[in-house]
Amino acid sequence: MAGITFRKSNFGGRDRILTIDAFASSLDNTAFAADTASLIATYEKLSTLLFQKPFSWSMGLELVASDERLAYDIDNSSLDDATPPPRQTYFVAALPLYGQIDTTDDLLNPTEGFRVSLRTSPEVSRTEGMQSFYLRNQADASYYKQIGENGPILAGRVAVGSITGAALDDVAPSRRFFAGGGGSVRGFGYRAIGPRNDDNDPIGGRSLVELSAEVRIPTPLFDGAVQVVPFVDAGSVGVEQYPDFEDIRVGAGVGVRYLSGFGPLRLDVAFPINPRSTDSFVAVYVSLGQAF
């Protein structure tokens, strides 16, 4: 990836930031491959580690040219079928908007309160002479409640997404919904949940549902800095514009948190409850901050 960034702080008000990015990137993951050139402008007022805001927002403009193809797994193909899927070029213009209400007591390690956010992005896409207009929407909500003064913390999250106004084939793979991974449904691979093609490769979808619940249990280890966290996640991605809940994947496991001075260090070990034949029997995730 190569690019150039212009960033202006306190632009039009305190803690408001104007950012203009021009970059080119090449991405190849388990879901799709994309060679992309983008010009993105964002005007935002978001929470930082120094100043957590009760209301955050952003607005932007995206101009994207992307040459993409869906992923393929040569290891699961015969030699005659090992040729990659055809590439397709998409030209996308989008106006992404974002807003979040945050009443929690900590940005990285909340113990009380809730967060509610909404992302919406009107987009125009042109590919192979066809032009489409659609809306990408996603709503997220999470809630945190500590039991007693120093007791366990109950945490839950729900996310719902929808792309309306265009068929799946008219939406670039990089702009579709995917699920699975450490910040989504633990126990499954990154972007591994959802509809698949004839070669059993994920193709993404137009609808998304994710559910997560966990209990963050304090321990006396390292003066109370270690938590044990049992959890369960579930998620579904569908080709229709609204969730149909036909294929819900569930993962469960247990994690450990070390509450360092700069945020929780997270280690999660998860198992898929209803895996496909291609899913691994265990997944391990390491990151900074809670899962949600």
Side-chain angles (χ1 to χ4, degrees), residues 1-25 36-64 66 92-125 133-146 153 155-164 174-178 181-184 208 210 212 259-266 287-292:
M1 178 174 176
I4 185 170
T5 298
F6 170 83
R7 184 179 178 90
K8 177 66 175 178
S9 299
N10 298 319
F11 185 83
R14 182 182 176 184
D15 294 329
R16 299 184 181 185
I17 300 173
L18 174 67
T19 305
I20 300 175
D21 286 309
F23 63 90
S25 64
T36 304
S38 302
L39 176 64
I40 299 176
T42 305
Y43 186 49
E44 61 189 3
K45 185 176 183 179
L46 303 179
S47 290
T48 67
L49 293 178
L50 298 178
F51 184 20
Q52 183 175 346
K53 300 174 178 62
F55 180 67
S56 302
W57 54 265
S58 70
M59 60 184 70
L61 168 66
E62 297 182 9
L63 300 176
V64 179
S66 189
V92 180
L95 296 172
L97 304 172
Y98 168 78
Q100 176 179 265
I101 298 172
D102 186 354
T103 70
T104 62
D105 56 351
D106 190 274
L107 190 63
L108 292 180
N109 187 34
T111 62
E112 296 284 346
F114 67 87
R115 293 173 182 154
V116 177
S117 66
L118 176 65
R119 301 177 186 272
T120 184
S121 180
E123 302 189 5
V124 176
S125 176
F133 173 81
Y134 55 88
L135 285 173
R136 296 176 74 246
N137 301 301
Q138 182 170 335
D140 289 80
S142 56
Y143 179 75
Y144 312 89
K145 179 64 177 179
Q146 187 164 29
I153 300 161
R157 171 184 175 262
V158 58
V160 180
S162 176
I163 299 175
T164 61
S174 61
R175 311 199 69 91
R176 301 173 187 175
F177 289 117
F178 294 87
S184 177
L208 167 74
E210 292 178 342
S212 296
L259 306 181
S260 70
F262 52 87
L265 300 177
R266 174 166 68 103
S287 69
L288 173 65
Q290 300 285 3
F292 57 89

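Residues take their numbers from the sequence shown, with the count starting at 1.
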Could you pull out the closest heavy-atom pair between [X] and [Y], with the gap in Å?
X: Pro110; Y: Ile153; answer: O-CG2, 4.2 Å
X: Phe178; Y: Glu210; answer: O-OE2, 4.4 Å
X: Gly182; Y: Ala291; answer: O-CB, 4.3 Å
X: Phe292; Y: Ser212; answer: CE2-CB, 3.7 Å
X: Ser117; Y: Tyr98; answer: CB-CE1, 3.8 Å
X: Ser125; Y: Tyr134; answer: CB-CE2, 3.8 Å

* Apply side chain to side chain donor-acceptor pair (under 3.5 Å) to Arg115 and Ser142, showing your working. => CA-CA 5 Å; Arg115 293 173 182 154; Ser142 56; 5.1 Å; no
Does a sphere of radius 6.0 Å around CZ in Phe11 hold more than 12 heavy atoms from other residues, nucleotides or ligands, not counting ones at 6.0 Å or beyond?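 For Phe11, atom CZ is not crowded (no more than 12 foreign heavy atoms under 6.0 Å).
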**Lys145, NZ atom: more than 12 neighbouring heavy atoms under 6.0 Å** =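 No - once you tally the heavy atoms of other residues, nucleotides and ligands closer than 6.0 Å, there are 12 at most.
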Point-to-point distance, once rounded to the nearest 0.5 Å, from [atom1] of [X] to [atom2] of [Y]:
X: Ser58; Y: Gln100; atom1: OG; atom2: CD; result: 10.5 Å
X: Thr42; Y: Ile17; atom1: OG1; atom2: CD1; result: 10.5 Å
X: Phe23; Y: Leu39; atom1: CZ; atom2: CG; result: 9.0 Å
X: Arg119; Y: Asn137; atom1: CZ; atom2: CG; result: 12.0 Å
X: Thr103; Y: Phe114; atom1: OG1; atom2: CZ; result: 4.0 Å
X: Asn10; Y: Asp15; atom1: CG; atom2: CG; result: 6.0 Å

**OP:** Go through the steps to decide whether Asp140 and Arg157 satisfy the test salt bridge (charged side-chain N to carboxylate O under 4.0 Å, His left out), and finish with yes or no.
**Re:** CA-CA 7 Å; Asp140 289 80; Arg157 171 184 175 262; 3.1 Å; yes
Q.
Under 3.5 Å, is there a donor on one side chain and an acceptor on the other for Ser121 and Glu123?
A.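 There is such a pair (donor and acceptor under 3.5 Å, judged by atom type) between the side chains of Ser121 and Glu123.
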- request: Would you please test Gln290 and Asn109 for side chain to side chain contact (heavy atoms under 4.5 Å, CB included) and show each step?
  value: CA-CA 6 Å; Gln290 300 285 3; Asn109 187 34; 2.8 Å; yes
Do the side chains of [Y] and [X] get nearer than 4.5 Å, heavy atoms only?
X: Thr19; Y: Thr5; result: yes
X: Leu108; Y: Phe262; result: no
X: Pro54; Y: Asp102; result: no
X: Glu62; Y: Val92; result: no
X: Gln52; Y: Thr104; result: yes

Checklist line | Evaluation steps, side chain to side chain contact (heavy atoms under 4.5 Å, CB included), between Glu44 and Arg16 | finding: CA-CA 6 Å; Glu44 61 189 3; Arg16 299 184 181 185; over 6 Å; no
Test item: Glu112 side-chain N/O and Asp105 main-chain N/O as donor-acceptor pair under 3.5 Å |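 No; judged by distance alone, with no hydrogens or angles, the pair does not exist.
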Are any side-chain N or O atoms of Ser47 and backbone N or O atoms of Lys53, one a donor and one an acceptor, separated by less than 3.5 Å?
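Checking the backbone N and O of Lys53 against the side chain of Ser47, a donor-acceptor pair under 3.5 Å is found.
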Exercise for review: For the pair Ile40 and Ile20, evaluate side chain to side chain contact (heavy atoms under 4.5 Å, CB included) and give the outcome as yes or no after the intermediate values.
Suggested key: CA-CA 6 Å; Ile40 299 176; Ile20 300 175; over 6 Å; no
Item to complete: Let me see the working for Val124 and Phe133 under side chain to side chain contact (heavy atoms under 4.5 Å, CB included), right down to the final yes or no.
Response: CA-CA 5 Å; Val124 176; Phe133 173 81; 3.8 Å; yes
